[in-house]
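Protein chains get the first letters and strands the later ones, always in sequence-line order, with residue 1 at the start of each. Side-chain atoms are counted along with the backbone in the values below, which use heavy atoms only and exclude waters and symmetry mates.
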2 protein chains.
Amino acid sequence: MIRVLLAEDQGMVRGALATLLNLEDDIEVVGEAANGEEALTVARDSRPDVALLDIEMPGKDGITTAAELRAALPDCRVVILTTFGRPGYLRRAMEAGASAFLVKDSPAQELATAIRRVLAGERVIDPALAAAALSAGPNPLSPRERDVLAASADGSTIGDVATRLRLSEGTVRNYLSAAIRKTAARNRIEAVQTAQRQGWL
Amino acid sequence: MIRVLLAEDQGMVRGALATLLNLEDDIEVVGEAANGEEALTVARDSRPDVALLDIEMPGKDGITTAAELRAALPDCRVVILTTFGRPGYLRRAMEAGASAFLVKDSPAQELATAIRRVLAGERVIDPALAAAALSAGPNPLSPRERDVLAASADGSTIGDVATRLRLSEGTVRNYLSAAIRKTAARNRIEAVQTAQRQGWL
DNA sequence: GACCGGGGATGACAAATGTCATCGCGAACA
DNA sequence: TGTTCGCGATGACATTTGTCATCCCCGGTC
């Protein structure tokens, strides 16, 4: 039996996926979690063979969780499951040690297939997505530019961001200007959007 | 047997939910759809007792679909399923003739329960969400303010919006200013965000 | 007929944002 | 040892955005 841990914040989706997986006669869901923290503690107890991690979770996200899980349980393979097939997500997931990267758009039966293939030592990645991730290149934003852009994402004013990040307003403007240039945007709203679309935040 | 139509764009979630529902011995999924248009055509063929509609779908969204479905098949009850429990969504869903409003956060077994209760003539709504929707009041934005705010949501410049909506730049600024005031925001980014959070767009 | 309210517009003004040049500091690096 | 790069800052400047008063037109409605 393949022992699976399932981390997904939406209860209805989590329950449905668990049911789906438990119907497979070689798969058994041995733990469920609604966020990254929970996934780590549950994993330490249940010792799964594969952890299925959603990226978009409150608190600790799936990619961060993947990295910590790989460190804590090196034998446990990680399958990343996400709503958005963003190039930066894929890149970061691979760097965090994931063995597979699935988007929720794909048909349901691919989930069990991917789990089996991962356990056989394979890596499972949508070829089109892999190509997109490679052609998009790495994140061009410096860490600080990322911080500033992320802090601006909620509509905060430059003054707000400066206070929150303990920077001068001029500095914030400079970083934003650089981010806008690097994302080929016309203002920070567009910059935030392209950065998010690429998975750079 | 309760005949259910399932409309949800994410293949993996749709498949899992279908499996979950088919396990119930009084429920049968008689049709699946990945968007609103498809849901309508499938419904005309499969004549479901209940249609389960996701709001966030590409093309025709779940609420619009609900209204058209109620017109085409008056005997078919509508259950709205959504990721976001936004007050405006609930309000619009009810106005579109929905019998139930579920958020995907809630546990999986609530889905089957809700379907049975809806078929028994009940309405199923999370009380906390209902209270939020009532206390939030109706959408304060005029139709045109809504248009302009929605057109600004993607980071377009005022000039862009003016061109797209065939308005003068000054007019766009005026509408945006009004929308900012009504949403108690400090700039249009915040205005867009609160409007989206309330389900006003 | 008078009186709204919404849509659309103009002009003026203040405030916020974006751009650029320039500086200092420190760490990495060839 | 000099060079490069990221971080942080300042000042000046042009542009964009947000606010406000004021106007016109039109379709209700009292």
Side-chain angles (χ1 to χ4, degrees), chain A residues 88 91-92 95 136-201, chain B residues 88 91-92 95 136-201:
Chain A
R91 181 179 296 264
R92 278 154 57 201
E95 285 168 3
N139 187 340
L141 302 174
S142 83
R144 216 58 180 131
E145 287 163 359
R146 242 189 61 260
D147 293 344
V148 172
L149 197 56
S152 308
D154 63 345
S156 292
T157 204
I158 286 191
D160 292 344
V161 177
T163 310
R164 211 173 331 150
L165 266 52
R166 313 279 168 78
L167 291 173
S168 97
E169 298 205 6
T171 304
V172 172
R173 283 219 294 263
N174 288 340
Y175 280 130
L176 276 180
S177 186
I180 290 169
R181 187 170 34 75
K182 289 184 179 177
T183 52
R186 285 175 304 172
N187 52 50
R188 60 200 151 130
I189 319 179
E190 278 192 0
V192 165
Q193 299 205 338
T194 41
Q196 283 176 339
R197 194 164 357 102
Q198 298 290 330
W200 289 339
L201 294 189
Chain B
R91 180 180 296 266
R92 277 154 56 199
E95 285 168 3
N139 188 339
L141 302 174
S142 82
R144 215 57 179 133
E145 286 162 359
R146 241 191 64 261
D147 293 345
V148 172
L149 197 56
S152 309
D154 63 344
S156 292
T157 203
I158 287 191
D160 291 344
V161 176
T163 310
R164 210 172 334 146
L165 266 52
R166 314 277 168 78
L167 291 174
S168 98
E169 299 206 5
T171 304
V172 172
R173 282 220 294 264
N174 289 339
Y175 281 131
L176 276 181
S177 186
I180 290 168
R181 187 169 35 76
K182 289 184 178 177
T183 53
R186 285 175 306 171
N187 52 51
R188 60 197 151 137
I189 318 179
E190 278 192 359
V192 166
Q193 298 205 339
T194 39
Q196 283 176 339
R197 193 163 0 100
Q198 298 290 330
W200 288 341
L201 294 187

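Residues of residues 141-153 of chain A having a heavy atom closer than 4.0 Å to DNA chain D, listed by number: S142(A), P143(A), R144(A).
Applying the side-chain hydrogen bond (donor to acceptor under 3.5 Å, both in side chains) rule to pairs touching residues 188-201 of chain A yields R186(A)-E190(A), sequence neighbours excluded. Legend: salt bridge (charged side-chain N to carboxylate O under 4.0 Å, His left out) pairs involving residues 166-175 of chain A, not counting sequence neighbours: none detected.
Close to dG8(D), at under 4.0 Å from its OP1 or OP2, lies no side-chain N or O of S168(A).
Every residue two or more places apart in sequence or in another chain was checked for a side-chain hydrogen bond (donor to acceptor under 3.5 Å, both in side chains) with N187(A), and none qualifies. With sequence neighbours excluded, the residues that form a side-chain contact (heavy atoms from CB on, under 4.5 Å) with A191(A) are L149(A), I180(A), T183(A), A185(A). Shown here are the side-chain hydrogen bond (donor to acceptor under 3.5 Å, both in side chains) partners of T171(A), two or more places apart in sequence or in another chain: S168(A). For R91(A), the side-chain contact (heavy atoms from CB on, under 4.5 Å) criterion is met by E95(A), P138(A), not counting sequence neighbours. For D147(B), the side-chain hydrogen bond (donor to acceptor under 3.5 Å, both in side chains) partners are R144(B), not counting sequence neighbours.
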Base versus backbone protein contacts along nucleotides 11-18 of chain C [heavy-atom cut-off under 4.0 Å; B, S, -]:
-B---SBB
Just do the side chain to side chain contact (heavy atoms under 4.5 Å, CB included) check on D160(A) and D154(A) with the steps written out, would you?
CA-CA 11 Å; D160(A) 292 344; D154(A) 63 345; over 6 Å; no
